[in-house]
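Below is one structure; the comments refer to it alone.
These values consider heavy atoms only, across backbone and side chains, with no hydrogens, waters or symmetry-generated copies.
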Amino acid sequence: MILLDGKALSKQIKQEIKTEVDALRKSGGNIPHLAAVIVGDNPASESYVKNKVKSSDEVGFESTVIKKDANISEEELLEIVDSLNKNSDVDGFIVQLPLPRHIDPDKIVLAIDPQKDVDGFHPFNFGSMAQGLDAYLPATPYGILLMLERYNIETEGKEVVVLGRSNIVGSPISILLSRKGNPGNATVTITHSRTKDLDSVLKKADIIIAAIGRDRFVKSHQVKEGVVIIDVGINRISDPSRKKGSRLVGDCDFDDLQNTASHMTPVPGGVGPMTVTALLLNTLKAAKNK
Ligand code: GUN
């Protein structure tokens, strides 16, 4: 089995980004500036934002974090979004999800200027992506495309099964892999909680993309020999043998699948670092477009 090492690949792509940023600095160009808004103290969100800022620093971007208490009002958050939209020093920004329950995430995403929406969550970018027009691609699907491309995994004519239909992963990756292009030209099936006979759908898959948030859900007996597994899940399970008392696992049972899959992403160290790298590429694009 070939390990799809997102950590190593993202290190390589970050080096490529850094080279571009160094050249921009030398020529007096616009240095990319990424801002992140985080609300509340969800430990997973804090860790994701920390990684995004660390990676921005590594490639020579400027970065700003705006951290707000969980009790911030929707109006106040909308004002922050508006000020970031208007701030010409900031090339792109994200509002880390999930948000507290009293804030409507759709309203917040709609308020982001599509030109600065480096998460690719705004319907303008989603619609442009779906029509094959220039757009900021959502970071996780973009990271998956980069991984398939750099590992030379052919998608044309392949059966791809996507588990999960979220707006940020399942739905956009299905569109991207079925559209014309490379990676693309695949026959894509989206599955979800109402899918009947998931096993027979999974068994046909040449490539499985799992994004359902259920720990070690996909097992070897459900898949074809030689399948490519892209595991987007990040689930914390208890593990008394670890100092922390827990560890992270994906939506696919890595240990069980390693003799059946031809290629597989680990969790952690697979799709996660690629998502961050894709966000950096979107921010670089935003800075160049300015
Ligand atoms: N929450 C989980 N994934 C993401 C992401 O890619 N961007 C933002 N803003 N929030 C998230």
Side-chain angles (χ1 to χ4, degrees), residues 34-56 63-85 92-114 116-126 129 136-144 162-174 190 192-193 209-215 217 231-237 246-251 267-268 270-276 278-279 282-283:
L34 172 68
V37 182
I38 178 165
V39 179
D41 41 29
N42 175 331
S45 293
E46 281 185 341
S47 147
Y48 296 149
V49 169
K50 213 170 101 184
N51 265 331
K52 290 171 186 179
V53 171
K54 184 169 159 259
S55 295
S56 290
S63 62
T64 301
V65 177
I66 301 173
K67 188 166 175 7
K68 291 288 164 187
D69 282 351
N71 62 11
I72 186 176
S73 69
E74 194 174 79
E75 288 68 34
E76 281 173 281
L77 187 55
L78 285 168
E79 277 166 25
I80 291 171
V81 168
D82 188 47
S83 70
L84 288 168
N85 284 340
F93 67 97
I94 64 158
V95 178
Q96 187 65 27
L97 304 178
L99 291 167
R101 290 236 301 252
H102 64 278
I103 300 177
D104 178 356
D106 293 340
K107 220 168 166 179
I108 303 300
V109 168
L110 267 177
I112 297 174
D113 177 351
K116 292 192 174 189
D117 169 39
V118 284
D119 254 335
F121 287 177
H122 192 286
F124 179 87
N125 280 311
F126 196 102
M129 171 207 69
Y136 294 116
L137 302 182
T140 300
Y142 186 12
I144 294 171
V162 178
L163 289 104
R165 53 182 161 180
S166 70
N167 285 340
I168 64 177
V169 185
S171 175
I173 193 67
S174 307
I190 310 184
H192 44 74
S193 54
I209 300 179
I212 47 172
R214 294 180 66 174
D215 87 80
F217 180 81
D231 193 346
V232 183
I234 303 177
N235 311 290
R236 190 165 285 285
I237 59 161
S246 66
R247 70 184 161 102
L248 296 175
V249 294
D251 291 347
V267 175
V271 174
M274 295 306 297
T275 296
V276 178
L279 174 70
N282 278 343
T283 308

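Val39 has its side chain out of reach of Gln96: every pair of non-hydrogen atoms, C-beta onward, lies at least 4.5 Å apart. Considering only heavy atoms from C-beta on, Ile80 comes within 4.5 Å of Ile66 through its side chain.
With hydrogens and angles ignored, the 3.5 Å screen pairs no side-chain donor or acceptor of His192 with any backbone N or O of Gly164. Asp119 contributes no side-chain N or O that, together with a main-chain N or O of Pro138, makes up a donor-acceptor pair within less than 3.5 Å. Distance alone, capped at 3.5 Å, places no donor-acceptor pair between the Asn125 side chain and the Gly120 backbone. Remark: side-chain polar atoms of Asp117 are not paired, donor with acceptor, to backbone N or O of Leu110 under 3.5 angstrom. The backbone N or O of Leu248 sits nowhere less than 3.5 Å from a side-chain atom of Asn235 that would complete a donor-acceptor pair. Listed for the Asp251 side chain is a donor-acceptor partner under 3.5 Å among the backbone atoms of Ile212.
We find the CD1-CZ distance between Ile94 and Phe121 to be 8.0 Å, quoted to the nearest 0.5 Å. Interatomic distance, Leu97 CG to Asn167 CG, rounded to the nearest 0.5 Å: 10.5 Å. How far CZ of Phe124 is from CG of Asp113: 10.0 Å, rounded to the nearest 0.5 Å. For the atom pair OG (Ser63) and CG (Leu34), the distance works out to 7.0 Å, reported to the nearest 0.5 Å. Rounded to the nearest 0.5 angstrom, Ile112 CD1 and Leu84 CG are separated by 9.0 Å. In this structure, CG on Leu279 lies 9.0 Å from OG on Ser55, to the nearest 0.5 angstrom.
Applying the 6.0 Å contact sphere to CG of Asp104 captures more than 12 heavy atoms from other residues, nucleotides or ligands. Other residues, nucleotides and ligands contribute at most 12 non-hydrogen atoms within 6.0 Å of the CZ atom of Arg214.
The two residues Arg236 and Ser246 make their nearest non-hydrogen contact at NH1-OG, 2.9 Å. Between Ile72 and Ile103, the shortest heavy-atom distance links the atoms O-CD1, 3.7 Å. Nearest heavy-atom pair, Asn282 versus Tyr142, reported as atom, atom and distance to 0.1 Å: OD1-CE2, 3.5 Å. For the residue pair Ser174 and Val162, the shortest heavy atom distance occurs at OG-CG2, 3.8 Å. What you find for Ile173 and Pro141 is that their closest heavy atoms are CD1-O, 3.7 Å. Considering every non-hydrogen atom in both Ser45 and Pro98, the closest pair reads OG-CD, 3.9 Å.
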Do Val81 and Asn85 pass the side chain to side chain contact (heavy atoms under 4.5 Å, CB included) test, and can you show the C-alpha distance, the side-chain angles, and the key distance before you say yes or no?
-> CA-CA 6 Å; Val81 168; Asn85 284 340; 3.9 Å; yes
Q: Begin with the C-alpha distance, continue with both residues' side-chain angles, and end with the deciding distance and a verdict on side chain to side chain contact (heavy atoms under 4.5 Å, CB included) for Val271 and Thr140.
A: CA-CA 7 Å; Val271 174; Thr140 300; 3.8 Å; yes
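Residue pairs meeting the side-chain hydrogen bond (donor to acceptor under 3.5 Å, both in side chains) criterion with at least one partner in residues 64-74, sequence neighbours excluded, are His33-Thr64, Glu46-Lys67, Ser73-Glu76, Glu74-Lys107.
Checked against Ile209 for a side-chain contact (heavy atoms from CB on, under 4.5 Å), the options Asp231, Ile190, Leu163, Ile144 give a single hit: Ile144.
With 3.5 Å as the limit, one finds no donor-acceptor pair spanning the side chains of Ser171 and Arg165.
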